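Presented below is the structure to which this report refers.
Quick caveat: nothing in here was measured; it's all calculated off a predicted structure.
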Amino acid sequence: MELHILEHSLKVASIAKEGIQICTHGLIKLAFLPSKTRCKFFSLTETPEDYTIIVDEEGFKELPESDHLSVAEATWLALNVVSGGGSSSSSQPIGVTKIAKSVIAPLADHNISVFMLSTYQTDFILVRERDLPMVMHTLSSEFTLLRVVNGETVAANSLGVTNGFVKPKMVQRPIIHPLSSPSNMFCVTSLDPDTLPSVATLLMDVMFYSSGMKEPGGASEDSELIRFFSFSLIEGYISLVMDEQTTRRFPNNVLFTSASGELWKMVRIGGQPLGFDECGIVAQISEPLATADIPAYYISTFKFDHALVPEENIQSVIGALRTNESTGQ
(Lines give C-alpha, C1' and ligand atoms only; values in the text may rest on other atoms or scores of the structure.)
Protein backbone atom coordinates (compact mmCIF):
# COMPACT_ATOMS: atom_id res chain seq x y z
CA MET A 1 0.00 0.00 0.00
CA GLU A 2 0.97 3.60 -0.48
CA LEU A 3 1.16 6.33 2.12
CA HIS A 4 0.70 9.76 0.58
CA ILE A 5 2.07 12.83 2.35
CA LEU A 6 -0.16 15.65 1.15
CA GLU A 7 1.30 19.04 0.37
CA HIS A 8 -1.05 21.07 2.58
CA SER A 9 0.42 22.81 5.62
CA LEU A 10 -2.44 22.75 8.10
CA LYS A 11 -3.56 24.67 11.15
CA VAL A 12 -5.89 23.23 13.78
CA ALA A 13 -7.97 25.81 15.61
CA SER A 14 -10.93 26.20 17.94
CA ILE A 15 -13.59 28.89 17.68
CA ALA A 16 -15.59 29.49 20.85
CA LYS A 17 -19.36 29.21 20.42
CA GLU A 18 -19.87 32.81 21.54
CA GLY A 19 -17.35 34.03 18.95
CA ILE A 20 -18.62 32.21 15.89
CA GLN A 21 -20.31 35.31 14.44
CA ILE A 22 -16.91 37.01 14.17
CA CYS A 23 -15.64 34.21 11.93
CA THR A 24 -18.82 33.44 9.98
CA HIS A 25 -17.90 35.54 6.92
CA GLY A 26 -14.58 33.77 6.47
CA LEU A 27 -16.05 30.33 7.12
CA ILE A 28 -18.85 30.85 4.59
CA LYS A 29 -16.27 31.90 2.03
CA LEU A 30 -14.17 28.78 2.70
CA ALA A 31 -17.15 26.41 2.59
CA PHE A 32 -19.26 27.87 -0.22
CA LEU A 33 -16.97 30.11 -2.30
CA PRO A 34 -13.77 28.07 -2.68
CA SER A 35 -13.04 29.74 -6.04
CA LYS A 36 -12.64 33.02 -4.13
CA THR A 37 -9.84 31.56 -2.01
CA ARG A 38 -6.79 29.40 -2.70
CA CYS A 39 -7.79 27.02 0.09
CA LYS A 40 -7.67 23.30 -0.79
CA PHE A 41 -8.22 21.75 2.67
CA PHE A 42 -11.00 22.95 4.96
CA SER A 43 -12.93 21.16 7.69
CA LEU A 44 -15.34 22.51 10.29
CA THR A 45 -16.74 20.37 13.10
CA GLU A 46 -19.22 21.63 15.67
CA THR A 47 -19.43 19.92 19.06
CA PRO A 48 -21.21 21.06 22.24
CA GLU A 49 -17.98 22.77 23.31
CA ASP A 50 -16.79 24.68 20.25
CA TYR A 51 -16.09 24.64 16.53
CA THR A 52 -12.92 22.86 15.41
CA ILE A 53 -11.34 24.15 12.21
CA ILE A 54 -8.70 22.32 10.17
CA VAL A 55 -7.51 24.51 7.33
CA ASP A 56 -4.49 25.06 5.14
CA GLU A 57 -2.39 28.20 5.36
CA GLU A 58 -4.22 29.91 2.51
CA GLY A 59 -7.57 29.24 4.15
CA PHE A 60 -6.32 30.35 7.56
CA LYS A 61 -5.83 33.85 6.12
CA GLU A 62 -9.63 34.11 5.84
CA LEU A 63 -10.09 33.89 9.62
CA PRO A 64 -9.86 37.12 11.64
CA GLU A 65 -7.66 37.52 14.68
CA SER A 66 -9.84 37.13 17.74
CA ASP A 67 -9.69 36.21 21.40
CA HIS A 68 -12.32 33.60 20.55
CA LEU A 69 -9.92 31.82 18.15
CA SER A 70 -7.41 29.40 19.70
CA VAL A 71 -4.80 27.85 17.42
CA ALA A 72 -2.93 24.66 18.24
CA GLU A 73 0.81 24.98 18.33
CA ALA A 74 2.71 23.62 15.31
CA THR A 75 1.97 23.07 11.65
CA TRP A 76 0.32 19.78 10.73
CA LEU A 77 0.63 17.57 7.64
CA ALA A 78 -2.03 15.18 6.36
CA LEU A 79 -1.19 11.57 5.54
CA ASN A 80 -3.49 9.34 3.54
CA VAL A 81 -3.30 5.59 2.95
CA VAL A 82 -4.16 4.57 -0.60
CA SER A 83 -4.54 0.96 -1.63
CA GLY A 84 -3.86 0.14 -5.25
CA GLY A 85 -2.75 3.65 -6.21
CA GLY A 86 -5.03 6.41 -7.38
CA SER A 87 -5.65 9.83 -5.92
CA SER A 88 -6.30 10.04 -2.21
CA SER A 89 -9.71 11.68 -2.45
CA SER A 90 -11.15 9.29 -5.02
CA SER A 91 -9.99 6.08 -3.32
CA GLN A 92 -12.39 3.88 -1.44
CA PRO A 93 -12.56 4.66 2.29
CA ILE A 94 -10.28 2.38 4.21
CA GLY A 95 -11.60 3.17 7.67
CA VAL A 96 -9.54 3.95 10.73
CA THR A 97 -9.76 0.35 11.93
CA LYS A 98 -8.14 -0.87 8.71
CA ILE A 99 -5.10 1.31 9.37
CA ALA A 100 -5.09 0.86 13.15
CA LYS A 101 -2.36 -1.77 13.22
CA SER A 102 -0.34 -0.62 10.21
CA VAL A 103 -0.29 3.15 10.88
CA ILE A 104 -1.96 4.26 14.11
CA ALA A 105 -0.35 1.71 16.46
CA PRO A 106 3.24 2.08 15.16
CA LEU A 107 3.03 5.86 15.46
CA ALA A 108 1.74 5.53 19.03
CA ASP A 109 4.55 3.08 19.82
CA HIS A 110 7.03 5.75 18.72
CA ASN A 111 5.33 8.47 20.79
CA ILE A 112 4.04 10.34 17.75
CA SER A 113 0.77 12.17 18.40
CA VAL A 114 -1.86 12.05 15.66
CA PHE A 115 -5.04 14.00 14.93
CA MET A 116 -7.62 12.08 12.89
CA LEU A 117 -10.14 13.26 10.33
CA SER A 118 -12.29 10.60 8.69
CA THR A 119 -14.42 11.75 5.78
CA TYR A 120 -16.94 10.13 3.46
CA GLN A 121 -14.14 9.61 0.95
CA THR A 122 -11.12 8.63 3.03
CA ASP A 123 -9.18 8.97 6.30
CA PHE A 124 -6.62 11.68 6.97
CA ILE A 125 -3.95 11.15 9.63
CA LEU A 126 -2.56 14.51 10.74
CA VAL A 127 0.94 14.62 12.23
CA ARG A 128 3.07 17.54 13.28
CA GLU A 129 5.40 18.69 10.52
CA ARG A 130 8.39 18.36 12.82
CA ASP A 131 7.53 14.68 13.41
CA LEU A 132 7.57 13.80 9.71
CA PRO A 133 11.12 12.33 9.62
CA MET A 134 10.21 9.92 12.43
CA VAL A 135 6.84 9.17 10.84
CA MET A 136 8.51 8.24 7.55
CA HIS A 137 11.12 6.12 9.27
CA THR A 138 8.45 4.33 11.32
CA LEU A 139 6.20 3.51 8.37
CA SER A 140 8.69 3.01 5.54
CA SER A 141 8.87 -0.77 6.02
CA GLU A 142 5.11 -1.19 5.58
CA PHE A 143 4.31 1.42 2.92
CA THR A 144 5.58 2.96 -0.27
CA LEU A 145 5.99 6.56 0.83
CA LEU A 146 4.96 9.19 -1.70
CA ARG A 147 4.80 12.94 -1.41
CA VAL A 148 2.42 15.24 -3.27
CA VAL A 149 4.30 18.20 -4.76
CA ASN A 150 2.44 20.75 -6.89
CA GLY A 151 -0.33 18.21 -7.40
CA GLU A 152 2.05 15.49 -8.60
CA THR A 153 2.83 12.36 -6.60
CA VAL A 154 6.56 11.68 -6.31
CA ALA A 155 8.73 9.38 -4.22
CA ALA A 156 9.30 10.77 -0.73
CA ASN A 157 12.97 11.25 0.06
CA SER A 158 14.45 10.22 3.36
CA LEU A 159 14.51 13.14 5.76
CA GLY A 160 17.69 12.19 7.53
CA VAL A 161 16.62 9.78 10.26
CA THR A 162 19.56 7.44 10.64
CA ASN A 163 19.51 3.66 10.61
CA GLY A 164 19.96 1.68 13.78
CA PHE A 165 16.48 2.62 14.91
CA VAL A 166 15.26 0.22 17.59
CA LYS A 167 11.72 -1.02 17.12
CA PRO A 168 9.90 -0.59 20.42
CA LYS A 169 8.16 -3.49 22.08
CA MET A 170 4.42 -3.59 21.50
CA VAL A 171 2.64 -2.50 24.62
CA GLN A 172 -0.91 -2.94 25.79
CA ARG A 173 -2.88 0.26 25.56
CA PRO A 174 -5.59 0.42 28.21
CA ILE A 175 -8.20 3.10 27.64
CA ILE A 176 -7.60 5.81 30.21
CA HIS A 177 -10.21 8.41 29.22
CA PRO A 178 -13.94 8.28 29.99
CA LEU A 179 -16.24 7.07 27.22
CA SER A 180 -19.81 8.08 26.50
CA SER A 181 -22.31 7.27 23.75
CA PRO A 182 -25.04 9.82 22.97
CA SER A 183 -28.41 8.62 21.74
CA ASN A 184 -28.19 10.27 18.30
CA MET A 185 -27.77 8.19 15.20
CA PHE A 186 -25.48 9.73 12.59
CA CYS A 187 -25.11 9.67 8.82
CA VAL A 188 -21.80 9.98 7.00
CA THR A 189 -22.56 11.36 3.57
CA SER A 190 -21.55 13.65 0.75
CA LEU A 191 -23.04 15.68 -2.05
CA ASP A 192 -22.08 16.76 -5.53
CA PRO A 193 -20.27 20.13 -5.34
CA ASP A 194 -22.44 21.31 -8.23
CA THR A 195 -25.52 20.99 -6.00
CA LEU A 196 -23.93 22.93 -3.13
CA PRO A 197 -25.46 26.29 -4.12
CA SER A 198 -28.96 24.78 -4.01
CA VAL A 199 -28.57 23.80 -0.34
CA ALA A 200 -26.19 26.56 0.77
CA THR A 201 -28.81 28.42 2.80
CA LEU A 202 -29.84 25.22 4.57
CA LEU A 203 -26.23 24.27 5.27
CA MET A 204 -25.47 27.71 6.68
CA ASP A 205 -28.44 27.38 8.99
CA VAL A 206 -27.26 23.96 10.14
CA MET A 207 -23.69 25.18 10.64
CA PHE A 208 -24.27 28.44 12.43
CA TYR A 209 -27.84 28.92 13.56
CA SER A 210 -29.36 25.57 14.56
CA SER A 211 -27.44 24.78 17.73
CA GLY A 212 -30.34 25.91 19.90
CA MET A 213 -33.00 23.92 18.10
CA LYS A 214 -34.72 21.12 19.97
CA GLU A 215 -36.29 18.18 18.22
CA PRO A 216 -39.64 16.93 19.52
CA GLY A 217 -39.23 14.44 22.33
CA GLY A 218 -39.12 14.06 26.05
CA ALA A 219 -36.68 15.95 28.22
CA SER A 220 -34.81 12.80 29.20
CA GLU A 221 -34.37 11.97 25.52
CA ASP A 222 -33.08 15.45 24.76
CA SER A 223 -30.50 15.26 27.51
CA GLU A 224 -28.87 12.28 25.82
CA LEU A 225 -28.57 13.95 22.42
CA ILE A 226 -25.37 15.66 21.37
CA ARG A 227 -24.81 18.57 19.02
CA PHE A 228 -22.35 17.30 16.38
CA PHE A 229 -21.96 18.37 12.77
CA SER A 230 -18.95 18.11 10.48
CA PHE A 231 -18.39 19.64 7.05
CA SER A 232 -15.24 19.10 5.00
CA LEU A 233 -14.25 20.45 1.59
CA ILE A 234 -10.94 18.87 0.72
CA GLU A 235 -9.46 19.01 -2.78
CA GLY A 236 -12.93 19.49 -4.24
CA TYR A 237 -14.64 16.66 -2.34
CA ILE A 238 -17.40 17.37 0.21
CA SER A 239 -17.99 15.25 3.30
CA LEU A 240 -20.79 15.66 5.83
CA VAL A 241 -21.39 14.03 9.20
CA MET A 242 -24.69 14.88 10.86
CA ASP A 243 -27.37 13.26 12.93
CA GLU A 244 -30.31 11.53 11.32
CA GLN A 245 -32.71 14.31 12.27
CA THR A 246 -30.61 16.91 10.44
CA THR A 247 -30.43 14.84 7.26
CA ARG A 248 -34.22 14.90 7.07
CA ARG A 249 -34.06 18.64 6.45
CA PHE A 250 -32.33 18.09 3.09
CA PRO A 251 -34.23 17.57 -0.17
CA ASN A 252 -34.47 14.03 -1.48
CA ASN A 253 -31.65 12.80 -3.71
CA VAL A 254 -29.22 15.56 -2.73
CA LEU A 255 -27.17 13.60 -0.20
CA PHE A 256 -25.20 10.52 -1.16
CA THR A 257 -25.96 7.48 0.94
CA SER A 258 -24.65 3.95 1.00
CA ALA A 259 -26.78 1.22 -0.52
CA SER A 260 -27.56 -0.02 2.98
CA GLY A 261 -28.46 3.45 4.24
CA GLU A 262 -26.20 2.74 7.19
CA LEU A 263 -26.56 4.67 10.43
CA TRP A 264 -23.72 5.19 12.87
CA LYS A 265 -23.53 5.57 16.63
CA MET A 266 -20.91 7.67 18.38
CA VAL A 267 -18.39 6.88 21.08
CA ARG A 268 -17.07 10.10 22.58
CA ILE A 269 -13.65 9.97 24.20
CA GLY A 270 -12.59 12.29 27.00
CA GLY A 271 -13.87 13.78 30.23
CA GLN A 272 -11.52 16.76 30.23
CA PRO A 273 -10.02 18.35 27.08
CA LEU A 274 -7.48 15.88 25.70
CA GLY A 275 -4.85 18.30 24.43
CA PHE A 276 -2.45 17.55 21.59
CA ASP A 277 0.60 16.01 23.25
CA GLU A 278 -0.71 12.71 24.57
CA CYS A 279 0.09 9.80 22.28
CA GLY A 280 -1.96 6.67 21.69
CA ILE A 281 -5.55 7.88 22.23
CA VAL A 282 -6.63 6.95 18.69
CA ALA A 283 -4.79 3.62 19.02
CA GLN A 284 -6.54 2.84 22.32
CA ILE A 285 -9.89 2.98 20.51
CA SER A 286 -9.05 1.76 17.02
CA GLU A 287 -7.00 -1.33 17.92
CA PRO A 288 -9.81 -3.15 19.79
CA LEU A 289 -12.19 -2.25 16.93
CA ALA A 290 -9.70 -3.60 14.40
CA THR A 291 -9.36 -6.83 16.38
CA ALA A 292 -13.15 -7.18 16.31
CA ASP A 293 -13.21 -6.22 12.60
CA ILE A 294 -15.65 -3.36 13.22
CA PRO A 295 -15.39 -0.43 10.76
CA ALA A 296 -15.21 3.05 12.21
CA TYR A 297 -14.89 6.69 11.27
CA TYR A 298 -12.79 8.76 13.66
CA ILE A 299 -12.92 12.54 14.06
CA SER A 300 -10.59 14.34 16.44
CA THR A 301 -11.62 17.78 17.60
CA PHE A 302 -9.85 20.48 19.56
CA LYS A 303 -11.04 19.13 22.90
CA PHE A 304 -12.38 15.58 22.44
CA ASP A 305 -12.27 12.59 20.10
CA HIS A 306 -15.20 10.87 18.41
CA ALA A 307 -15.51 7.40 16.88
CA LEU A 308 -18.49 6.44 14.74
CA VAL A 309 -19.36 2.75 14.49
CA PRO A 310 -22.26 0.95 12.78
CA GLU A 311 -25.44 1.23 14.80
CA GLU A 312 -25.81 -2.53 15.15
CA ASN A 313 -22.31 -2.84 16.65
CA ILE A 314 -22.55 -0.19 19.37
CA GLN A 315 -23.18 -2.56 22.28
CA SER A 316 -20.33 -4.89 21.34
CA VAL A 317 -18.08 -1.88 20.78
CA ILE A 318 -18.84 -0.43 24.21
CA GLY A 319 -18.32 -3.87 25.73
CA ALA A 320 -14.96 -4.35 24.02
CA LEU A 321 -13.75 -0.88 24.98
CA ARG A 322 -14.96 -1.20 28.56
CA THR A 323 -13.06 -4.49 28.84
CA ASN A 324 -9.94 -2.77 27.60
CA GLU A 325 -10.62 0.09 30.00
CA SER A 326 -10.87 -2.23 33.01
CA THR A 327 -7.55 -3.94 32.26
CA GLY A 328 -5.81 -0.66 32.89
CA GLN A 329 -7.24 -0.18 36.36
Exercise for review: Test side-chain contact (heavy atoms from CB on, under 4.5 Å) on Phe124 and Ile234 and set out the steps.
Suggested key: CA-CA 10 Å; Phe124 297 101; Ile234 299 172; 3.6 Å; yes

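- The salt bridge (charged side-chain N to carboxylate O under 4.0 Å, His left out) search around Glu129 returns none, not counting sequence neighbours.
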Review item, side-chain donor-acceptor pairs of residues 148-155, under 3.5 Å, at least two apart:
none

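- Contact check for Phe143 versus Val103: side-chain heavy atoms found under the 4.5 Å cut-off.
- Looking only at side-chain heavy atoms (C-beta outward), Leu117 and Phe41 come within less than 4.5 Å of each other.
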**Study point:** Verdict with reasoning, Glu244 to Arg248, per salt bridge (charged side-chain N to carboxylate O under 4.0 Å, His left out)
**Key:** CA-CA 7 Å; Glu244 185 186 21; Arg248 295 181 192 142; 3.7 Å; yes

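- Using a 4.5 Å cut-off on side-chain heavy atoms (C-beta onward), Leu255 and Val199 make no contact.
- Residue pairs meeting the ring pair (Phe, Tyr, Trp, His ring centres under 6.0 Å) criterion with at least one member in residues 181-202, sequence neighbours excluded, are Phe186-Phe228.
- The CG atom of Leu196 lies 6.5 Å from the CG atom of Leu203; values are rounded to the nearest 0.5 Å.
- The backbone N or O of Ile238 sits less than 3.5 Å from a side-chain atom of Gln121, completing a donor-acceptor pair.
- Of all non-hydrogen atoms in Lys101 and Ala290, the two that sit nearest each other are CE-CB, 4.2 Å.
- Between Phe42 and Leu27, the closest side-chain pair of non-hydrogen atoms falls below 4.5 Å.
- Looking at Met1 and Glu142, their side chains never come closer than 4.5 Å, going by heavy atoms from C-beta outward.
- Val241 places none of its side-chain heavy atoms less than 4.5 Å from the side chain of Trp264.
- Residues Val317 and Leu289 are in side-chain contact: their nearest non-hydrogen atoms beyond the backbone lie under 4.5 Å apart.
- A donor-acceptor pair under 3.5 Å is formed between the side chain of Ser181 and the backbone N or O of Met266.
- For Leu145 against Met136, the heavy-atom pair with the smallest separation is CD1-O, 3.5 Å.
- Side chains of His137 and Leu132 form no contact here, defined as non-hydrogen atoms less than 4.5 Å apart.
- The two residues Leu225 and Asn184 have their closest heavy-atom pair at CA-OD1, 3.2 Å.
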**Study point:** Verdict with supporting geometry, Arg38 and Lys61, side-chain contact (heavy atoms from CB on, under 4.5 Å)
**Key:** CA-CA 10 Å; Arg38 297 173 64 186; Lys61 296 174 183 176; 5.9 Å; no

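- For Thr52 (side chain) and Phe302 (main-chain N/O), a donor-acceptor pair under 3.5 Å exists by modelled atom type.
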Check your understanding: Going through the distances and angles, do Leu107 and Leu139 end up as a side-chain contact (heavy atoms from CB on, under 4.5 Å)?
Key -> CA-CA 8 Å; Leu107 294 180; Leu139 301 178; 4.2 Å; yes

**Study point:** Audit row: Val55, Cys39, side-chain contact (heavy atoms from CB on, under 4.5 Å) steps and yes/no
**Key:** CA-CA 8 Å; Val55 67; Cys39 179; 3.9 Å; yes

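- Between Phe231 and Phe32, the angle of the ring planes lies from 30° to 60°, which puts this pair in the tilted group.
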Practice item. Give the C-alpha distance, both sets of side-chain angles, the deciding distance and a yes or no for salt bridge (charged side-chain N to carboxylate O under 4.0 Å, His left out) between Lys98 and Asp123. Key: CA-CA 10 Å; Lys98 294 294 190 294; Asp123 300 280; over 6 Å; no

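- Of the possible donor and acceptor atoms, one in the side chain of Ser239 sits under 3.5 Å from a partner among the backbone N and O of Tyr120.
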Exercise for review: Show your working on salt bridge (charged side-chain N to carboxylate O under 4.0 Å, His left out) between Arg227 and Glu46 and close with a plain yes or no.
Suggested key: CA-CA 7 Å; Arg227 174 66 185 169; Glu46 182 188 1; 2.9 Å; yes

For residues 272-283, dump all side-chain donor-acceptor pairs below 3.5 Å to protein atoms at least two apart in sequence or in another chain.
| residue | atom | partner | partner atom | Å |
| --- | --- | --- | --- | --- |
| Asp277 | OD1 | Arg128 | NH2 | 2.9 |
| Glu278 | OE1 | His177 | NE2 | 3.0 |
| Glu278 | OE2 | His177 | NE2 | 3.0 |

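- Hydrophobic clustering, with ILVMFWY side chains joined whenever heavy atoms are under 4.5 angstrom apart, groups Leu30 together with Leu44.
- Across all non-hydrogen atoms, the minimal contact from Phe256 to Leu191 is CZ-C, 3.8 Å.
- For Thr24 (side chain) and Ile20 (main-chain N/O), a donor-acceptor pair under 3.5 Å exists by modelled atom type.
- Connection of Ile285 to Ile318 is established within a shared hydrophobic cluster, with ILVMFWY side chains joined at heavy-atom distances below 4.5 Å, either directly or through further cluster members.
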Pairs of donor and acceptor atoms involving the side chains of residues 303-314, under 3.5 Å and at least two apart or interchain, shall be tabulated with distances.
| residue | atom | partner | partner atom | Å |
| --- | --- | --- | --- | --- |
| Asp305 | OD2 | Tyr298 | OH | 2.7 |
| His306 | ND1 | Ile299 | O | 3.2 |
| His306 | NE2 | Arg268 | NH1 | 3.1 |

Counting only pairs under 3.5 Å, give me each side-chain donor-acceptor contact of residues 62-77, with atom names and distances, residues two or more places apart or in other chains.
| residue | atom | partner | partner atom | Å |
| --- | --- | --- | --- | --- |
| Glu62 | OE1 | Lys29 | NZ | 3.2 |
| Ser66 | OG | His68 | N | 2.9 |
| Glu73 | OE2 | Arg130 | NH1 | 2.8 |

